[in-house]
Colleague: 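Let me give you the structure first, and then I'll get to my questions.
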Amino acid sequence: DLAKTFVIIKLTMDYKYQITVGMPVWGVEKYIRRALLSVLEQDFDDMEILVIDDCGYDKSIEIATELATTHPKGNKIRIIRQPRNMGCWAARNRVLDEAQGKYIFLIDSDDYLFENAISKLYQKAEKTQVEATYGSVLPVDENGHPIKNSGVDGVNLPDIVLIGENQLACFANDNTKRLRLNNFIWNIMLRSDFLKKHQLRFRQTKFWDDVLFNADMQPLVTSAAFISDLTYHYVIRDNSLSN
């Protein structure tokens, strides 16, 4: 009806960018340059990059600030400082609060993207008009060498579209086959209006806030798309928060 049409038009007009890339930052001085450059050097321009400063003690934010001022696309970076060190869950919620994009895409600050990852996911999302678009993942060590038999899910996703209530949740939790959908929140292009409609938030916890978020989110998704293209380098390191 007219009221619903007005709401849809208003939401579309309110978006300043097509994509918001969100990156929580704390204690990643060794990795953040590679992570940010992988985003800045994508072949997609209509986006903002939110760097959430979680008040660490190393030079992570100095590196982000340097790239923001010296890189040709550095003006896409917006650094937002938390009131105090609050943890990854709060930094990710800050991305949800501050995002001005039609889609939200989260990346961890020690991981990095494949070339053309953003445009591939965006094109699939726009073509299918789904709520969540997933890319395939390559687990690597700190030097970028692929890790075989890592146990990470989402490594080789099929090129399929799932439409209907519980279709994504059933795919993600089908124990009759090898689980192929990761339980992380990065490398998923999520529609902002879907997140706002369901008021999805990250829960306060020391770690695995992404797993909890997925447990809340997946049953609510009524349309999702996967691409078999590798879009994300997942860096497995011994001293990471998840490990």
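All values below were derived from every heavy atom in this structure, side-chain atoms included, with hydrogens, water molecules and symmetry-related copies excluded.
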Colleague: Taking salt bridge (Lys or Arg N to Asp or Glu O under 4.0 Å) as the definition, give me every residue that meets it alongside D111, ordered by chain and number, with sequence neighbours left out.
Modeller: none

Colleague: Taking the side chain as C-beta and beyond, is there a heavy-atom pair between N85 and D54 under 4.5 Å?
Modeller: yes

Colleague: Who pairs with Y122 by ring-ring contact (aromatic ring centres under 6.0 Å, His included), at least two apart in sequence or on another chain?
Modeller: F44, Y103

Colleague: Please set out all donor-acceptor pairs under 3.5 angstrom arising from side-chain atoms of residues 213-227, sequence neighbours excluded.
Modeller:
residue, atom, partner, partner atom, Å
N214, ND2, N183, O, 2.9
N214, ND2, F184, O, 2.9
N214, ND2, D210, O, 3.3
D216, OD1, R203, NH2, 2.7
D216, OD2, R203, NE, 3.0
D216, OD2, R203, NH2, 3.2
T222, OG1, E131, OE1, 3.3
T222, OG1, E131, OE2, 3.2
S223, OG, E131, N, 3.1

Colleague: Could you give all pairs that pass the salt bridge (charged side-chain N to carboxylate O under 4.0 Å, His left out) test and reach residues 90-102, with sequence neighbours left out?
Modeller: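 Every pair satisfying salt bridge (charged side-chain N to carboxylate O under 4.0 Å, His left out) with a residue in residues 90-102: R78-E98, R92-D108, R92-D209, R94-E98, D97-R201, K102-E126.
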
Colleague: Can you list every pair that meets side-chain hydrogen bond (donor to acceptor under 3.5 Å, both in side chains) and has a residue in residues 158-169, with sequence neighbours left out?
Modeller: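 Found D159-S228.
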
Colleague: ring-ring contact (aromatic ring centres under 6.0 Å, His included) with H198: which residues, sequence neighbours excluded?
Modeller: F194

Colleague: For a 4.5 angstrom cut-off between non-hydrogen side-chain atoms, does V140 reach Y112?
Modeller: yes

Colleague: Give me each pair satisfying ring-ring contact (aromatic ring centres under 6.0 Å, His included) with a member in residues 51-92, each pair once, sequence neighbours excluded.
Modeller: none

Colleague: So, S60 side chain and W26 main chain: donor-acceptor pair closer than 3.5 Å or not?
Modeller: no

Colleague: Of all residues at least two apart in sequence or in a different chain, which pass the side-chain contact (heavy atoms from CB on, under 4.5 Å) check with A90?
Modeller: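 So A90 forms a side-chain contact (heavy atoms from CB on, under 4.5 Å) with Q82, M86.
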
Colleague: Please identify each residue that fulfils salt bridge (Lys or Arg N to Asp or Glu O under 4.0 Å) with E41, with sequence neighbours left out.
Modeller: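 Partners of E41 by the salt bridge (Lys or Arg N to Asp or Glu O under 4.0 Å) criterion come out as none, since no residue qualifies.
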
Colleague: Salt bridge (Lys or Arg N to Asp or Glu O under 4.0 Å) with K120: which residues, sequence neighbours excluded?
Modeller: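 Residues passing salt bridge (Lys or Arg N to Asp or Glu O under 4.0 Å) with K120: D229.
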
Colleague: Side chain of S109, backbone of P24: donor and acceptor closer than 3.5 Å?
Modeller: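 Confirmed, S109 side chain pairs with P24 backbone.
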
Colleague: Could you pull out all residues at least two apart from Y232 that satisfy ring-ring contact (aromatic ring centres under 6.0 Å, His included)?
Modeller: W186

Colleague: Can you tell me how far the OG atom of S38 sits from the CG atom of L113, to the nearest 0.5 Å?
Modeller: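 Interatomic distance, S38 OG to L113 CG, rounded to 0.5 Å: 4.0 Å.
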
Colleague: Please report the interatomic distance CG(L121) to OG1(T231), rounded to the nearest 0.5 Å.
Modeller: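 So the gap between those two atoms works out to 5.0 Å.
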
Colleague: Show every salt bridge (charged side-chain N to carboxylate O under 4.0 Å, His left out) that has at least one partner inside residues 57-71, sequence neighbours left out.
Modeller: R33-E66

Colleague: Might you confirm whether atom CD of Q129 has over 12 heavy atoms from other residues, nucleotides or ligands at distances under 6.0 Å?
Modeller: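 Count over threshold, so yes.
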
